[in-house]
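To keep things clear, I will list the structure first and then write my remarks on it.
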Amino acid sequence: MSEERSLNFLEEIIENDIANGVNNGRVLTRFPPEPNGYLHIGHAKSICLNFGIAQKYNGKTNLRFDDTNPVTEDTEYVESIKEDIKWLGFEWAEELYSSDYFDQLYEFAVTLIKKGLAYVDDSSAEEIAAQKGTPTEPGTPNQYRSRSIEENLQLFADMKAGKYKDGERVLRAKLDLASPNMHMRDPLMYRIKHAHHHRTGDAWCIYPMYDFAHGQSDAIEKITHSICTLEFIPHRPLYDWFIENLEIFPSKQYEFARGNINYTVMSKRKLLQLVNENLVNGWDDPRMPTISGLRRRGYTPLSIRNFCERIGIARRENLIDYSLLEFCIREDLNKTAWRRMAVLDPIKMVITNYPEGHVEMLEGENNPEVEGGDGSRQLPFSRELWIEREDFMENPPKKFFRLGPGLMTRLKNAYIVRCDDFVKDAEGNVTEIHCSYFPESKSGSDTSGINVKGTIHWVSIPHAKTAEIRLYDRLFKVEDPSNEDGDFKEYINHESLQVQTAYIEPDLAKAETGRGYQFIRKGYFCVDKDSSSENLIFNRTVTLKDAWAKEVKKM
RNA sequence: UGCCCGAUAGUAUAACGGUAGUACGACGGUUUUUGGUACCGUUUGUCUAGGUUCGAAUCCUGGUCGGGCAACCA
């Protein structure tokens with residue numbers, strides 16, 4: 001059952017187009033990343049939008065790498081992008097590259113020159129910028145603007161032939177130097193770059209600019225709805241102008257607001273800086289908002305797709321609460337993660353009336369949320385256990401439902417225990433807790449009649465294994481680091497990674513990568529890619545909601 | 001000083017001239033062998049001033065505020 005949901009503005013446009021027979025109801029979108037960095041959660045929004053909307057209207061989506069700038073692009077990025085899209089659960093119709101169209105694009109440029117709509121300009125970048133004027137003053141034409149078609153044709157061919165050095169000449173559209181839209185003031189179409197391209201190698205030394213590649217690529221592929229972000233709004237008249245004057249397929253551009261999330265940054269440039277300056281451990285650092293980072297952190301494709309669905313599509317600037325992303329992953333993992341026990345900050349508990357050396361195996365459900373059950377595992381129980389230090393208080397407040405002198409609580413999947421005594425060291429730190437257990441209170445066959453409010457997790461000391469636990473916090477200390485004074489890196493949270501050693505139940509030695517685990521009462525965790533059988537490593541994906549922590553804050 | 005886009009609870013997003021709703025968050029409660037989950041409830045909103053209209057979040061005008069635009073980046 002899909003629930004009733006109102007259409008976003010793009011769906012409305014498409015339904016309208018279908019109703020009016022535009023393109024005979026055909027829908028073809030494209031996702032056009034530049035292979036110059038890893039995809040992040042903002043791209044996920046665009047991916048879900050482009051692929052999702054095509055799916056919804058029986059259309060298709062092309063994956064097209066916008067690779068018109070060889071100096072920043074690399075096949076490493078191509079591979080990671082493809083992996084991330086597949087992992088998110090989407091399939092592209094065709095894998096394409098803007099560079100596939102370099103010949104065609106060159107011919108398009110020649111066409112415009114022949115129409116007297118493009119010219120070769122010998123000015124330097126600085127001169128061109130100066131001649132463009134300012135938003136309030138029109139630009140001024142230079143002597144090159146009136147070159148003959150024949151001369152332009154020859155010069156452009158010479159540019160292609162490699163007769164000039166980088167920056168010596170450019171090809172420009174002959175448009176309107178007085179336009180209030182700066183993008184229409186004779187925009188650059190081609191520039192010279194003697195650079196090796198990841199696909200075309202050294203075949204070219206001139207490369208088209210975004211504005212002269214994107215719309216035409218859309219048209220070549222007969223994209224019906226070319227969806228991009230808000231900053232391309234002023235490019236739209238140019239997009240249309242090239243298509244009109246080239247008389248090619250009329251793809252249409254639509255813009256939506258990119259998604260931003262608080263306490264992180266969402267630009268490839270900034271993320272690249274974090275990587276290059278070793279402020280994080282690579283693009284897939286679990287603190288990164290990249291798809292690969294979220295994956296390594298333990299986020300699932302479904303949780304990310306649900307997140308993208310929930311944030312919606314609109315045209316206003318936004319800064320989404322990180323808590324929504326957390327909600328989405330908890331929602332998914334609650335239904336799928338296997339419950340296990342791990343003690344992160346241990347203190348020893350001795351059950352004084354439990355026979356020394358005795359071990360019994362108890363059963364623990366894998367996931368109580370799964371209807372019909374999701375199997376179970378065996379838990380060794382013995383006289384000495386590790387429990388969480390915070391589950392004992394020497395002077396507990398009235399609402400504390402765990403252990404303290406005389407207090408009773410249940411050990412998850414085991415017995416009810418009562419705290420009888422505790423031991424302190426010379427510095428006054430509690431080092432050991434002594435309890436007695438009620439044999440008839442065993443989980444599943446409790447006839448003790450005792451009611452306790454709290455349940456705590458534990459690990460049998462003689463059976464415990466150890467694991468490295470990586471706890472993550474937000475990467476930045478402020479909501480919107482890019483909008484603060486100074487460099488965004490000043491706002492990095494240097495305590496965003498904490499490494500601990502935990503005692504884990506023996507079954508966790510078999511933990512698999514790619515599966516979520518809930519460490520009961522502690523959060524959701526996953527096996528990190530650095531993990532090995534000798535050195536188990538878990539990442540904390542997200543904590544559980546913690547009502548007690550809130551209670552403590554109020555006290 | 002020019003042009004363009006936008007403005008609905010703390011956040012995000014609906015309502016398409018006719019009862020301002022949903023989700024997350026926050027707060028309170030019920031259930032619970034996870035202080036989790038589930039369930040129930042509460043709270044908070046149409047930037048502003050005019051106009052059109054029987055009726056405006058919605059249409060019009062002015063203003064305010066926020067964002068974008070002058071890369072041989074995309």
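When reading the values below, keep in mind they use all heavy atoms of this one structure, side chains included, and skip hydrogens, waters and symmetry mates. Per chain, numbering begins at 1; letters A, B, ... match sequence-line order.
A:Tyr164 comes within contact range of no nucleotide atom at all, as no heavy-atom separation falls under 4.0 Å. Contact annotation for A:Pro32: no contact, since no heavy-atom pair falls under 4.0 Å across all strands. Counting any heavy atom pair closer than 4.0 Å across all strands shown, A:Lys193 reaches sugar-phosphate atoms only and no base atom. When heavy atoms are screened at a 4.0 angstrom cut-off, A:Arg315 is found touching the sugar-phosphate backbone but no base atom. Using a 4.0 Å heavy-atom criterion, one finds that A:Phe232 contacts the bases of the nucleic acid, with or without backbone contacts as well. Among the heavy atoms of the strands lying under 4.0 Å from A:Thr455 are primed sugar atoms or P, OP1, OP2 only; no base atom is included. If you check every strand for non-hydrogen atoms under 4.0 Å, A:Lys442 touches a base. Residue contacts for A:Ile320: at a heavy-atom cut-off of 4.0 Å it reaches the sugar-phosphate backbone alone, with no base atom in range. Looking at heavy-atom distances under 4.0 Å, A:Arg269 makes no contact with the nucleic acid at all. Base engagement by A:Glu369 is indicated by at least one non-hydrogen atom pair under 4.0 Å involving a base atom. Among the heavy atoms of the strands lying under 4.0 Å from A:Ile313 are primed sugar atoms or P, OP1, OP2 only; no base atom is included. Across all strands shown, A:Gly139 has no heavy atoms under 4.0 Å from either base or sugar-phosphate atoms.
Side-chain nitrogen and oxygen atoms of A:Arg316 include at least one within less than 4.0 Å of the OP1 or OP2 phosphate oxygen of B:U13. A:Thr68 has a side-chain polar atom (N or O) that falls below the 4.0 Å cut-off from OP1 or OP2 of B:A74. Contact check, A:Arg521 against B:G35: a side-chain N or O comes under 4.0 Å of OP1 or OP2. Side-chain nitrogen and oxygen atoms of A:Lys412 include none within less than 4.0 Å of the OP1 or OP2 phosphate oxygen of B:G36. Between A:Arg191 and B:C73, a side-chain N or O to OP1/OP2 separation shorter than 4.0 Å is present. A:Lys453 has no side-chain polar atom (N or O) that falls below the 4.0 Å cut-off from OP1 or OP2 of B:U32. The shortest distance between the side-chain N/O atoms of A:Lys550 and the OP1/OP2 oxygens of B:A26 is below 4.0 Å.
Salt-bridge annotation for A:Arg377 and A:Glu505: present, with a side-chain N of the basic residue lying under 4.0 Å from a carboxylate O of the acidic one. Between A:Glu365 and A:Arg340 there is no salt bridge, since no side-chain nitrogen of the basic residue lies less than 4.0 Å from a carboxylate oxygen of the acidic one. With respect to the salt-bridge test (charged N to carboxylate O, under 4.0 angstrom), the residues A:Asp158 and A:Arg169 do not qualify. Between A:Arg258 and A:Glu231 there is a salt bridge, with a side-chain nitrogen of the basic residue lying less than 4.0 Å from a carboxylate oxygen of the acidic one. Using a 4.0 Å cut-off between a side-chain N of Lys or Arg and a carboxylate O of Asp or Glu, A:Arg521 and A:Asp391 qualify as a salt bridge. Taking the charged nitrogens against the carboxylate oxygens, A:Asp121 and A:Arg147 have no contact shorter than 4.0 Å, which rules out a salt bridge.
For a distance-only test at 3.5 Å, the side chain of A:Glu479 fails to qualify as a donor-acceptor partner of the base of B:G10. At a cut-off of 3.5 angstrom, the base of B:U34 holds at least one donor-acceptor pair with the side chain of A:Arg339. Taking only distance into account, the side chain of A:Glu137 never meets the base of B:U1 through a donor-acceptor pair shorter than 3.5 Å.
RNA chain B is contacted by both A:Asn334 and A:Ile311; A:Ile311 maps to the nucleotide lying nearer its 5′ end (nearest heavy atom per residue). Both A:Ala125 and A:Phe327 lie near RNA chain B, and the one whose nearest nucleotide falls closer to the 5' end is A:Phe327.
Aromatic pair A:His214/A:Phe232: ring centres not closer than 6.0 Å. Ring pair A:Phe256/A:Phe9: centre-to-centre distance not below 6.0 Å. Aromatic ring centroids of A:Tyr263 and A:Phe476 lie 6.0 Å or more apart. For A:Trp548 and A:Phe400, the distance between ring centers is under 6.0 angstrom.
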Only Watson-Crick and G-U wobble pairs with both distances less than 3.5 Å should count. Give RNA chain B in dot-bracket notation, marking inter-strand partners with |. .((((((..((((....[..)))).(((((.......)))))....(((((..]....))))))))))).....
Heavy atoms under 4.0 Å is the rule here; annotate nucleotides 42-47 of chain B 5' to 3' with B where the base is hit, S where only the sugar-phosphate is, and - elsewhere. ------
Quick one, give me the B/S/- string for nucleotides 64-69 of chain B, reading 5' to 3', where B means a protein heavy atom under 4.0 Å from the base and S means that only happens at the primed atoms, P, OP1 or OP2. ---S-S
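Rounded to an integer number of Å, the gap from A:Arg330 CZ to B:G25 C1' is 11 Å. The interatomic distance linking A:Arg310 (CZ) with B:G25 (C1') rounds to 14 Å, in whole Å. Taking atom CG of residue A:Asn366 and atom P of nucleotide B:U33, one finds them 20 Å apart after rounding to whole Å. A straight line from CD1 of A:Ile329 to P of B:U37 spans 14 Å, rounded to a whole angstrom. Nucleotide B:U32 holds its P atom 19 Å from the CG atom of A:Leu544, rounded to whole Å. Whole-Å rounding puts the A:His457 NE2 to B:U33 C1' distance at 14 Å. Atom CD of A:Glu309 and atom P of B:A12 are 18 Å apart (whole Å). Distance A:Arg236 CZ to B:C3 P: 17 Å, rounded to the nearest Å.
Taking the centre and axis of the six-membered ring of A:Tyr119, the NZ or CZ atom of A:Arg172 falls outside the cone set by 45° and 6.0 Å. Cation-pi check for A:Lys270 over A:Phe488 is met; the charged atom lies under 6.0 angstrom from the ring centroid and within 45 degrees of its normal.
Panel note: side chain A:Glu127, backbone A:Ser124; a donor-acceptor pair is recorded below 3.5 Å.
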The test is ring pair (Phe, Tyr, Trp, His ring centres under 6.0 Å); show your working for A:Tyr517 and A:Phe525 and say whether it passes. CA-CA 5 Å; A:Tyr517 293 91; A:Phe525 292 76; 9.6 Å; no
